[in-house]
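Just so you know, these numbers use all the heavy atoms, side chains as well, and skip hydrogens, waters and symmetry mates. Quick note on labels: first sequence line is chain A, next is B, and so on, each numbered from 1.
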There are 2 protein chains.
Amino acid sequence: MLQRLANLRKSRNWSLQETADRLGIAKSTYAGYESGYRQPSLQALLQIANLFETTVDYILNRTNDKQEKLELVECLESEIALSLDGIPLTKEELYDFIAFTRLKRRIKNNDEE
Amino acid sequence: MLQRLANLRKSRNWSLQETADRLGIAKSTYAGYESGYRQPSLQALLQIANLFETTVDYILNRTNDKQEKLELVECLESEIALSLDGIPLTKEELYDFIAFTRLKRRIKNNDEE
DNA sequence: TATAATTGTTTGCGTAATGCGTATGAAAGT
DNA sequence: ACTTTCATACGCATTACGCAAACAATTATA
């Protein structure tokens, strides 16, 4: 399940020791992840994704997309600044769009059934 | 960490029991995930993401800590990726949003004059 | 070549966390 | 009032995590 870890690490020319040090865990612990002997805790998994600057889904082999995406729901909850035509996007504008797109997606899914 | 689970479930009008049944686990087990009392195994996590048709990153509330300002027009032109509910935002969805918001802003400006 | 240093692999063990059944409480339906 | 559904909490057996340490394998340095 975590076969991609070895590639992510080797592409950075890091040893198991160095990777473990960067994660703040024991070498044998991280080695266990790569070998499939053990599974990381969710906390460790998040730190690994941060370290390799990719998504958890990519690490778990759930997608081929390495790119991290900016989640709009997150933008609503926090103060991440989006702008359109140089004008800051209000929460209301974003909220309307989220509702709008969710509705559109639901309709699309229904049509396909 | 798994605060989004309750919303994902409730937006589908599922009970804890029904969700647990769909996942093939005990109700108390799934309830433990939502309450934060327990953490799912990676296998369970993947099944949950599949059930709710979203990403593991979204379920884990993983935030990319880029605090930079993002211009939506640039998102259209480049490959800066947005997502909604853990599902990648298509260019078409983003384009509709831009047109929609521009129109709304124009109407609002006219009203204020 | 010999030797040290670095890297990768595996094991044993103490501890912590999981997952289930079950019990309890709350809310809703008949 | 009574039953049914729903949500939450607890006890406990089992699993498996994370670490240190030992071991093997590769590379570096003299």
Whole-Å distance, B:Q43 CD to D:dA16 C1', equals 12 Å
Taking only residues two or more places apart in sequence, or in another chain, which ones meet A:S83 in a side-chain hydrogen bond (donor to acceptor under 3.5 Å, both in side chains)? B:E71
By salt bridge (Lys or Arg N to Asp or Glu O under 4.0 Å) - contacts of B:E18 (at least two apart): B:R22
Please state how far atom CD in A:E18 lies from atom P in D:dT27, giving the value in whole angstrom units. 18 Å
When the distance from CG of A:L2 to P of D:dC17 is rounded to whole Å, what number comes out? 11 Å
Which residues satisfy the salt bridge (Lys or Arg N to Asp or Glu O under 4.0 Å) test with A:R4, sequence neighbours excluded? none
Where protein sits on nucleotides 16-30 of chain C, one letter per nucleotide: B base, S sugar-phosphate only, - none, heavy atoms under 4.0 Å: --BBBBB--------
Please enumerate all residues that pass side-chain hydrogen bond (donor to acceptor under 3.5 Å, both in side chains) together with A:E92, with sequence neighbours excluded. none
By salt bridge (Lys or Arg N to Asp or Glu O under 4.0 Å) - contacts of A:K104 (at least two apart): B:D96
Distance check needed: D:dA9 P versus B:L16 CG, whole Å only. 12 Å
What is the separation between atom CG on A:L45 and atom P on D:dC17, rounded to the nearest whole Å? 12 Å
Residue list, salt bridge (Lys or Arg N to Asp or Glu O under 4.0 Å) with A:R62, at least two apart or on another chain: A:D57
Take atom CG of B:D21 and atom C1' of D:dC6, then tell me their distance rounded to the nearest Å. 13 Å
Side-chain donor/acceptor of B:K91 to backbone N/O of B:L76, under 3.5 Å: yes
CG of A:L5 versus P of C:dT9: gap in Å, rounded? 13 Å
In whole Å, what is the span from the CG atom of A:L23 to the C1' atom of D:dC17? 16 Å
Between A:F97 and B:F100 (judged by ring centroids, cut-off 6.0 Å), do the two rings come close enough to count as a pair? no
Roughly how bent is the helix from C:dT1-D:dA30 to C:dT30-D:dA1 end to end, in steps of 10 degrees, with each end axis from five pairs? 30°
Please enumerate all residues that pass side-chain hydrogen bond (donor to acceptor under 3.5 Å, both in side chains) together with B:Y30, with sequence neighbours excluded. B:E34
